[in-house]
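Below you'll find the structure, written out as structure tokens, and then a few comments.
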Amino acid sequence: MPENLNTEPAAEQTAADTATDTALATADGRIPPSPVPVASQGGDLGHDGGGSLLRQIFTGNSLVAFLSVVLAIVLGGVLIAVTDEKVGAAATYFFARPSDTLSAIWTAASGAYVALFQGSIFNPNAQTFEGMIYPITETLTVATPLICAGLGVALAFRAGLFNIGAQGQIIIGATFAGWVGFTWHPPVGLHLALVIVGGLLGGAVWGGVVGLLKARTGAHEVIVTIMLNYIAQFLLLFLLTTPAFQRPGNTNPISPLLDQSALYPLVMGEQFRLHWGFLVAVAATVFVWWLLNRSTVGFEFRAVGANPSAARTAGINVSKGYILVMAIAGALAGLAGVAQVAGTEKVLSGGVAATFGFDAITVALLGRSSPWGTFWAGLLFGAFRAGGTAMQADTGTPIDIVLVVQSLIVLFIAAPPLVRAVFGLNPRKKKTKKAAVAAAEGAGAA
Amino acid sequence: MKLELKGITKTFGSLVANDHIDLLVEPGQVHCLLGENGAGKSTLMNVLYGLYDPTEGQILVDDEPVVFKGPGDAMAAGIGMVHQHFMLIPVFTVVENVALGNETTKGAGRLDLDTTRRKIKEISDKYGFDVDPDALVEDLPVGVQQRVEIIKALVRDAKVLILDEPTAVLTPQETDELLDIIRQLKTNGTSVVFISHKLREVKAISDTITVIRRGKVVGSADPSASATELASAMVGRAVNLSLEKAPARPGEATFAVRNLTVTDHNGQHVVDDLSFDIAQGEVLAIAGVQGNGQTELTEAVLGLQPHARGSVKLDGKELLGRSVKQVLDAGVGFVPEDRQVDGLVGAFSIAENMILDRYDRAPFAKGIGLKPSVIAAHAEKKISEFDVRTPSVTAAVGTLSGGNQQKVVLARELSRPLRLFIASQPTRGLDVGSIEFVHKRVIAERDHGTPVMIVSTELDEVLELADRIAVLYRGRLVGIVPGNTSRDVLGLMMAGIPPEEAGNAAGLHETAATPTTERHDGGGHA
């Protein structure tokens, strides 16, 4: 659509949006009092085009999300078992004593998951009470940036934008926050506030640019955000070699430590890494819930996301909506950057964002783009990350298995009919079976 | 071929879409299924076409019971179907579309399109279809695409042809041409099952009428029955088809359009130098075949068209160049032509849709906070006032029927003080009962002293509502004529003939020819 780039309406509505609309229109009312149960229409999404498929994946049913997690964990267990050495050894004499193999499989899979649990929730084997609850505090710490960035992805998606750029927004947020943290030295209290504002601002700028480009030129947000991720990553690496950012007397690309006054206070004392960033993440979740469900701004976002044409006809400024929602989404990801640089890492380095920005997409997906869904999904993924390390240390099961489980979750959420089929919940399938039986009876009778 | 349905019942869960329906289609007969949207007509035809398995009941072809496992079986038994939304591949030619699924091949699996081409020519000549077998389907007008669908069925030797709402997408001229085609098919012994809720066509074409309501056959009617009788049978209560309205008492002309020109992205003038006024308490209907600039005209007034020149003044203030929000705030109420695309957010609740253009102001919001209880109370009040049938105001609007969706749009637009009311295709896809309701509301708004602009491609609706009629052709104003202008003159004007000439032409032809051919001629001259 290059010839459309200069016209306002084209800029505001991309082909993908149109596809969403059309698909929604057909699904919603073209066949108004459809006699076919809605549940069985769900399986038909293949014909509806990409936009609505994406919408379905992001806002699908919570049962499917839960079952996807269960299924992924079971399959992960199978993988752990087949790659386990003892299982392999026992399998060589499987036909002589199959029970050995089976018990080895059980030991391997359950051992790994028990270790994962003990590393992420509660460790009964620890000497002290602090040791016992240490895992859960680790989970909360790791979940903090996931929740913040996940909220950013979820919020943008509710306005119809697929924000792949959380990674870049975290990086720029962390860069702003970190620079304020180690360059300025204002009084205690004010310093942390400025660090947070810096992070919000950095993320908002990086996200807002995407909204601006989309609204003004029609550039697709997926492409723009992917490219901005690269720019952010390499910009940070470059900055870390400049005197303004590099630690004096050090040749590594790493910044000075942030001032003590710039850091989030610890929630539970020195033994734990858990910091106030987690409470900020909780507050952010409440804020996003309020914004989406109880504010005029959120009403605009949701209207723009669900049907931009109707929103425009009702006088809502769609361009403004895109810019604003991307700025807020970026600011939320920026908070994740603050949590990293002023909470967990205390220093700005090239790896400050780890892969949180990409995991955030999965988190928002699993959370079905709702604020609290994203919150719980963030906790789950935090637990995977925190527990994965302990699992590797305790049982030798590679931490990569956690990534496999995470990826399987995404895969299953993206294919709801598959999950329903596995658990025998597919309404369509049942119906055809019944119909087939009825037809057979009918034929018999005739 | 004689086709009989006996006691067909189709249930979806607890919903009974068809309840013991009996239907007999005699050879060479046009059998019309009349019923409102959602009455179960399409479900019944899908059962007949093998797309659904009936829960109960039998299909008999020439008194032999048959079981259709899919459309293939139905086609083999001589049943053809033309769906409301055409099942054609736009980038294929007519021959390719017709051959698809029924390809004949030469040695080594090479396609033999010549046989199909010859068959298309035969059928085309026999019925005067005038279809070029090698044209790309996407280049053909809608009416011709429909003929391709009919050819598809005829090539497969259909003896019974099912037409599902065939006129919904056609212009008045194309509709008349279709009715001619149906008559010819009938003469050649093909039976036609004609599904519609448009009474005029049903009366014009059918031999037998079966009325379906809420999944049941409620009776059969004679085509000679009056439209009011048919409508009452279809809706299940007395319906007054002719709208009772007092003559307009036009006041001051507060809405004025001067030299309005809208260009599309190719630089074409889609609205060309349009000037007209609408007075308070008057309905001006904009008539014309779909796609002659009506959509762009309404969008330009609303501020949705970036490339509009000229002047649009309401109460002396210029609207052009202002944002949609400013235009709405100036007191413009707007019912868009496609409620699902532009009028409603399908995923939103009824309550949210009711405030779609007023969500950010009192009493629905304070600062940037919404007031859910006020919003819900407002919606409760409006659904009872506008008779929206729904279990709850929190139900998603997308789950409502078309008529109820349109009532939600009307409720929203008419529940604030208006200085101008614009409704585009206000009753498209609605059933008789809802049409009656919408029309009453429009007239009530007029009598309230609001200038009203109705855009409609349905002549019936234009004649029903209009105090004056402006006819558009290729973006230009053909003329503005009084509301009681005859159907024939309007038909000619819609083909671009100026009102004086159209009046003469219609007068001349009236004595010599049938109304159908008359309109043909009009189209041909243009």
Side-chain angles (χ1 to χ4, degrees), chain A residues 1 3-4 6-11 18 21-22 24-40 55 59 290-291 293-300 302-318 427 431-432 434-436 438-439 442-443 445-446, chain B residues 10 12-13 15 17 37-38 40 42-43 52-55 58 65 67 69 85 265 302 304-307 323-329 334 336 338-348 352-353 355-357 359-360 364-365 367-370 372 396-405 429:
Chain A
M1 6 173 273
E3 78 274 16
N4 284 344
N6 298 326
T7 60
E8 276 270 296
T18 322
D21 297 344
T22 329
L24 282 176
T26 354
D28 282 353
R30 203 30 95 194
I31 24 165
S34 170
V36 182
V38 177
S40 67
R55 171 167 295 277
T59 54
W290 177 84
L291 186 75
N293 298 302
R294 289 285 183 272
S295 80
T296 57
V297 181
F299 189 91
E300 284 177 18
R302 287 185 293 126
V304 168
N307 186 347
S309 303
R312 193 178 301 117
T313 309
I316 294 171
N317 188 333
V318 177
K431 216 178 68 185
T432 12
K434 236 188 252 166
Chain B
K10 178 67 189 168
F12 296 99
L15 194 132
N37 291 324
S42 295
T43 307
Y52 292 151
D53 296 314
T55 314
Q58 262 187 327
V67 176
K69 289 211 156 42
H85 302 283
H265 53 87
L302 207 67
L304 287 165
Q305 277 287 349
H307 305 294
S323 73
V324 179
K325 186 155 234 145
Q326 289 169 321
V327 171
L328 294 178
D329 287 349
F334 178 58
D338 192 332
R339 56 185 161 269
Q340 281 151 1
V341 173
D342 297 316
L344 297 166
V345 179
F348 272 25
E352 287 175 315
N353 272 292
I355 57 156
L356 204 57
D357 50 9
Y359 63 93
D360 57 348
F364 307 114
I368 67 159
L370 290 173
V397 142
T399 62
L400 300 182
S401 70
N404 283 312
Q405 289 184 351

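So that the names make sense, note that chain A is the first sequence line, chain B the second, and so on, each numbered from 1.
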Is B:Glu352 close to chain A through its backbone or its side chain, or both, or neither, when contacts mean heavy atoms under 4.5 Å?
both
Region of B:Leu328 that comes under 4.5 Å of a non-hydrogen atom in chain A:
side chain
As an exercise: rank B:Gly403, B:Pro372, B:Gly367 by heavy-atom pairs under 4.5 Å with chain A and give me the winner.
B:Pro372
Between A:Asn307 and B:Gln340, which heavy-atom pair has the shortest distance, and what is it?
ND2-O, 3.1 Å
Nearest heavy atoms of A:Ile316 and B:Leu356, plus distance in Å:
CD1-O, 4.2 Å
Separation between OG1 of A:Thr313 and CG of B:Asp357, rounded to the nearest 0.5 Å
10.0 Å
For the student: nearest non-hydrogen atoms of B:Lys325 and A:Gly315, plus distance:
CB-O, 3.6 Å
If you tally heavy-atom pairs under 4.5 Å between each of A:Ala311, A:Ser295, A:Ala303 and chain B, the highest tally belongs to A:Ser295
Please rank B:Asp329, B:Ile355, B:Asn404 by heavy-atom pairs under 4.5 Å with chain A and give me the top one.
B:Ile355
When every non-hydrogen atom of A:Ala306 is compared with those of B:Ala347, the smallest separation belongs to CB-CB, 4.4 Å
Engaged part of B:Phe348 at the chain A interface, taking heavy atoms whose separation is under 4.5 Å:
side chain
Roughly how far, to the nearest 0.5 Å, is the CH2 atom of A:Trp290 from the CD1 atom of B:Ile368?
3.5 Å
